[in-house]
Number of protein chains: 2
Amino acid sequence: MTTPTEVWLLMRGFTMDRHERRREVSEATDLPFVRVKALRWIAREPVTLGELSRMLVNDRPYTTLIVNALEERGLVTREAHPEDRRRKLVTITEAGKRVVEKAEAILFAPPPELSALDPDDLATLDRIMRKL
Amino acid sequence: MTTPTEVWLLMRGFTMDRHERRREVSEATDLPFVRVKALRWIAREPVTLGELSRMLVNDRPYTTLIVNALEERGLVTREAHPEDRRRKLVTITEAGKRVVEKAEAILFAPPPELSALDPDDLATLDRIMRKL
DNA sequence: TCCAATCGTTGTAGTTCTACAATCATTAAC
DNA sequence: GTTAATGATTGTAGAACTACAACGATTGGA
């Protein structure tokens, strides 16, 4: 009789303990992980600083510092919001996109164990994961 | 045709993005997550400071500080190693065990989505996860 | 026995991150 | 038009974390 706890432990053990990628991403991009995270949100669509701080679950002043650092490195631009002069809109640059690609190449690379699964099991895993 | 990348993205999205527990554990225990992590390693068996710093992938001086903090809070004890006078052996206290239990109750609680899976899918997921 | 290596500690310096205060400009509500 | 609320910024303070240096005590190796 399988319990959800057992499955959860297996899954989190696999993803968080055995295949944790934060350090690797930070080294490859020469950016603290939170800045990569911010950049990835910005790459999805332009965001305001308030939105970004909510997404990152960070304090607004710290978010300002994060964006400052990204802007300084030429990875984002910051301009007035088209509808509200209190807000700024943060947009990714081409250089920023390249950093995101590099980070995601690392984050998204499946662990060898997954690649070694037979196609049936993989498809089954996919089907079940999509239900969650 | 399912790719390992797709499955990996689903899995890491589920565990890391949607069910990340570090903040919750830190709040519940009033300890930075790395200290809870250290405590959990120590709870498995007594360790030396060198072993702990390797497990945590931390700098030895910082590991000393971590253990200092835990010791100060009465969660671990530190004593001479039985076989090597250069080493210290760090052992968990009863109070420490209670903190570990509290942390693991949070870490190990399966997300609602998993609990809502039907038993067949759950058992299948279990079977496949054990192959990884 | 002497020298090299190891262990844990103390310390320095800097970066990252958290929490909070205060301020000014802008917008929303009345 | 006036007041309250919102958004971003600047700033302060402290904790968490990283990297490195140096050192004394102990152990291993020659």
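Letters A, B, ... are given to chains in the order of the sequence lines, protein chains preceding strands, and every chain is numbered from 1.
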Has B:Y62 got a side-chain N or O lying under 4.0 Å from the OP1 or OP2 atom of D:dT18? no

* Tell me whether A:W41 is reachable from A:I106 by hopping between hydrophobic residues (I, L, V, M, F, W, Y) whose side-chain heavy atoms are closer than 4.5 Å. => yes

Under 3.5 Å, N/O pairs linking protein and nucleotides 21-23 of chain C:
none

From CD of A:E71 across to P of D:dT9 the rounded distance in Å is 9 Å

Table of protein N/O atoms under 3.5 Å from nucleotides 26-30 of chain D N/O atoms:
residue, atom, partner, partner atom, Å
D:dT26, OP1, B:R85, NH2, 3.1
D:dT26, O3', B:R85, N, 3.4
D:dT27, OP1, B:R85, N, 2.7
D:dT27, O4', B:R86, NE, 3.4

Regarding the side chain of B:R78, the nearest nucleotide among D:dT18, C:dT9, C:dT18 is C:dT9

Among D:dT9, D:dG7, D:dC17, the one nearest any side-chain atom of A:K88 is D:dT9

Whole-Å distance, A:H81 NE2 to D:dT6 P, equals 16 Å

inquiry  = Would the base of C:dC17 count as contacting A:N58 through its side chain, where contact means a donor and an acceptor less than 3.5 Å apart?
reply    = no

Across all chains, not counting sequence neighbours, the side-chain contact (heavy atoms from CB on, under 4.5 Å) partners of B:R22 are B:E20, B:F33

Residue pairs passing the salt bridge (Lys or Arg N to Asp or Glu O under 4.0 Å) test with at least one member in residues 60-79 of chain B, sequence neighbours excluded, are B:E71-B:R78

Contacts of A:A103 meeting side-chain contact (heavy atoms from CB on, under 4.5 Å) (sequence neighbours excluded), chain-then-number -> A:V25, A:T29, A:V36

| field | Test log, rule side chain to side chain contact (heavy atoms under 4.5 Å, CB included), inputs A:L52 and A:V90 | value | CA-CA 9 Å; A:L52 190 56; A:V90 185; 5.6 Å; no

To the nearest angstrom, the CG-P distance between A:D59 and D:dG7 comes to 15 Å

B:R22 CZ to C:dT18 P, in whole Å, measures 11 Å

Open item on the list: Between B:S26 (side chain only) and B:L31 (backbone N and O only), is there a donor and an acceptor less than 3.5 Å apart?
Closed with: yes

Practice prompt. Using a cut-off of strictly less than 4.0 Å, decide whether A:T64 has a side-chain nitrogen or oxygen near OP1 or OP2 of D:dA8.
Written response: no

When rounded to whole Å, the CG to P distance for the pair B:L65 and C:dT9 reads 10 Å

Those residues at least two apart in sequence (or on a different chain) that pass side-chain contact (heavy atoms from CB on, under 4.5 Å) with A:D126 are A:R130, B:T2, B:E6, B:V7, B:L10

>> Determine whether a donor-acceptor pair (N or O, by modelled atom type, separation under 3.5 Å) exists between the side chain of A:R23 and the backbone of B:V57.
In response: yes

request  = Check whether any side-chain N or O of B:T93 sits under 3.5 Å from a backbone N or O of B:G74 as a donor-acceptor pair, and report yes or no.
outcome  = yes

So salt bridge (Lys or Arg N to Asp or Glu O under 4.0 Å) across residues 42-57 of chain A, not counting sequence neighbours, yields none

State whether A:R23 places a side-chain N or O below 4.0 Å from either non-bridging phosphate oxygen (OP1 or OP2) of D:dT18. yes

Following the transitive rule for hydrophobic clusters with a side-chain heavy-atom cut-off under 4.5 Å over Ile, Leu, Val, Met, Phe, Trp and Tyr, establish whether A:L107 and A:V99 coincide in one cluster.
-> yes

Hits for side-chain contact (heavy atoms from CB on, under 4.5 Å) against A:P4, two or more places apart or cross-chain, chain-then-number order -> B:P110, B:L114, B:S115, B:L122

What residues 29-57 of chain B contributes to the DNA chain D interface at heavy-atom separation below 4.0 Å is B:P32, B:V34, B:R35

Here the salt bridge (Lys or Arg N to Asp or Glu O under 4.0 Å) pairs for residues 97-125 of chain B, sequence neighbours left out, are A:R127-B:D121, A:K131-B:D121, B:R18-B:E113, B:R40-B:E104, B:E94-B:K97

When rounded to whole Å, the CD to C1' distance for the pair A:E79 and D:dA8 reads 15 Å

As a check of understanding: the bend across the helix from C:dT1-D:dA30 to C:dC30-D:dG1, end axes from five pairs, rounded to 10 degrees, works out to 30°

B:R87 meets the side chain to side chain donor-acceptor pair (under 3.5 Å) criterion, sequence neighbours left out, with B:D84

Point to revise | D:dT9 OP1/OP2 closer than 4.0 Å to side-chain N/O of A:N68 | key: no

